[in-house]
Amino acid sequence: MRHLMSPLDLSVPELEKLLDLASDIEKNPKKYAHTCDDKRLATLFYEPSTRTRLSFEAAMMNLGGKVLGFSSADSSSAAKGETVADTIRVVSCYADICAMRHPKEGAPLVASMVSNIPVINAGDGGHQHPTQTLTDLLTIRSLKGRLDNLTIGLCGDLKYGRTVHSLIEAMSRYKDIQFVLISPEELKIPGFIRYNVFENQGVSYTEVSSLEEAMPKLDVLYMTRIQRERFDDPWEYERLKDSYVLDTEKMKLAKGKMCVLHPLPRVNEISVKVDDDPRAAYFRQALNGKYMRMALILKLLDEAARNPAKEAIDTTGLEYDRVCRNPKCITQTEQELPQLFRCTDKAADIHRCVYCEQRA
Ligand code: NCD
């Protein structure tokens, strides 16, 4: 059985097929209106969401299926201390597929390890958000006509922004991609992305702090919100929250065909006046989320029907004798979980937690 934890769980050809399916769904919605008539999607959201949860639910309804679930940890048995693994074992009895959002990094992976139904990571802490990335790719492909040969600026909270991590990993597999990483010093991309993408694969990137300076080069500008809920120190958030504001003056510095993306919600990092600029694509992006999630639900249900056997993670070479110290890792709150590490660099003796990808 296939699950979706990271965009890298899909090969590039699979991704292309999925994008094509989403485009076909958009053009011919009637063709797909009863493809999930007897199916149920569970949305298990332990963290706030508007777009992701509602677009998953709308996606399943548009396929003729039904939805059930919860939209906050307080209204689930997590409030009574139930583990993620027990919750998914129970949910597997009531639903055919599930989308899970959780504040702890690696929680959906824990679910996928015991689940009898496909699990989709709908955002785990500051780690990954693969379905937002599918949406971003569909939007970029439809606006630019390609996913290669692009200069992509990512601006704002690159440290805690899970959408940024997943998008960088996904885009790094296409040819001639240049990343321009625009952030304050304190919010630069985390070590696991720096390692996975930039050091290991030699993908081209520059790090700058000025949005104005980066603007003229960009084909795509991906703005992000400073992730208040992930800061340990609220004053640090106050100090950094207005680091970047995209306004009509800055838009004058950009190429005529650049496009502005944002996973939303926006706080004040994009002035509302920019919404009228034809290059602003973030609301169109939100609509694409529904088509993309329809395509993903269809693919994972189809694969589950053809290969229903439970698939644990690949345990070859895993190490069990270390402890993850990332306070945001699921192993910190669910202490009975086995500690699992993978050596990612023998020469430098680097071992990363399988759940959250932080170094031991
Ligand atoms: C993003 C998320 O939840 O990570 N939102 C979304 O899913 N569209 C971005 C954010 O919250 O800033």
Side-chain angles (χ1 to χ4, degrees), residues 4-7 22 41 43-59 69-73 98-109 120-140 152-170 182-184 187 189-190 192-193 220-231 237 240-246 260-270 275 280-294 296-297 328 356-357:
L4 185 75
M5 295 298 121
S6 128
L41 164 79
T43 49
L44 313 180
F45 277 60
Y46 297 80
E47 236 191 13
S49 168
T50 303
R51 266 150 303 275
T52 306
R53 186 170 63 83
L54 297 186
S55 68
F56 262 116
E57 296 189 355
F70 52 82
S71 56
S72 86
C98 114
M100 176 184 285
R101 167 170 291 189
H102 202 287
K104 291 288 173 191
E105 299 172 6
L109 180 68
I120 301 169
N121 178 3
D124 63 326
H127 183 213
Q128 298 275 4
H129 193 344
T131 63
Q132 180 61 47
T133 294
L134 297 177
T135 304
D136 302 339
L137 297 184
L138 183 63
T139 311
I140 295 172
I152 305 177
L154 297 115
C155 176
D157 190 343
L158 310 189
K159 179 177 180 186
Y160 298 120
R162 54 195 175 194
T163 63
V164 168
H165 308 156
S166 294
L167 183 59
I168 291 178
E169 285 199 340
I182 310 152
S183 75
L187 298 177
I189 50 151
F192 81 93
I193 292 293
V220 176
L221 171 61
Y222 195 87
M223 290 297 294
T224 62
R225 169 179 75 89
I226 309 291
Q227 306 276 300
R228 179 165 53 91
E229 66 278 29
R230 313 252 179 255
F231 280 73
Y237 168 74
L240 295 171
K241 70 178 185 190
D242 294 322
S243 297
Y244 300 98
V245 179
L246 179 65
V260 184
L261 270 61
H262 189 309
L264 303 176
R266 131 177 85 183
V267 184
N268 58 353
E269 58 282 349
I270 302 182
D275 298 357
Y282 27 92
F283 292 115
R284 168 72 224 185
Q285 189 184 354
L287 175 62
N288 283 341
K290 185 179 71 178
Y291 302 125
M292 210 52 245
R293 290 178 175 106
M294 288 170 79
L296 180 66
I297 291 169
K328 295 177 171 139
C356 68
E357 296 186 77

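Since we're looking at a predicted model, the values are computed, not measured. One-based numbering, in listed order, for ligands and for the atoms of each.
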Nearest heavy-atom approach of Asn268 to Lys241 is OD1-O, 4.5 Å
Nearest protein heavy-atom contact for atom 8 (N) of ligand 1: which residue, which atom, what distance?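 Checking every protein heavy atom, the shortest distance to atom 8 (N) of ligand 1 gives Pro263 O, 2.9 Å.
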Identify the closest protein heavy atom to atom 4 (O) of ligand 1: which residue and atom is it, and at what distance? Arg162 NE, 2.8 Å
Pro265 neighbourhood, listing ligand 1 atoms whose heavy-atom distance to it stays under 4.0 Å: 10 (C), 11 (O)
Enumerated ligand 1 atoms positioned under 4.0 Å from heavy atoms of Arg225: 10 (C), 11 (O), 12 (O)
Any heavy atom of Gly123 sitting closer than 4.0 Å to ligand 1?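 No, Gly123 has no heavy atom closer than 4.0 Å to ligand 1.
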Would you check whether Glu47 reaches within less than 4.0 Å of ligand 1, judged by its heavy atoms?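 Not so, Glu47 does not reach ligand 1.
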Using a distance-only test with no angle check, is there a side-chain donor-acceptor pair under 3.5 angstrom linking [X] and [Y]?
X: Ser166; Y: Gln128; value: yes
X: His129; Y: Arg101; value: yes
X: Thr131; Y: Arg293; value: yes

Could you tell me the separation between the CD1 atom of Ile193 and the NZ atom of Lys159, rounded to the nearest 0.5 Å? 14.5 Å
Aromatic ring pairing His102/Tyr46, orientation class (parallel under 30°, perpendicular over 60°, tilted between): tilted
What about Arg101: any of its N or O atoms under 3.5 Å from an N or O on ligand 1?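 Yes; at least one N/O pair falls below 3.5 Å.
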Honestly, for Leu264 the part within reach of ligand 1 (heavy atoms, under 4.0 Å) is backbone
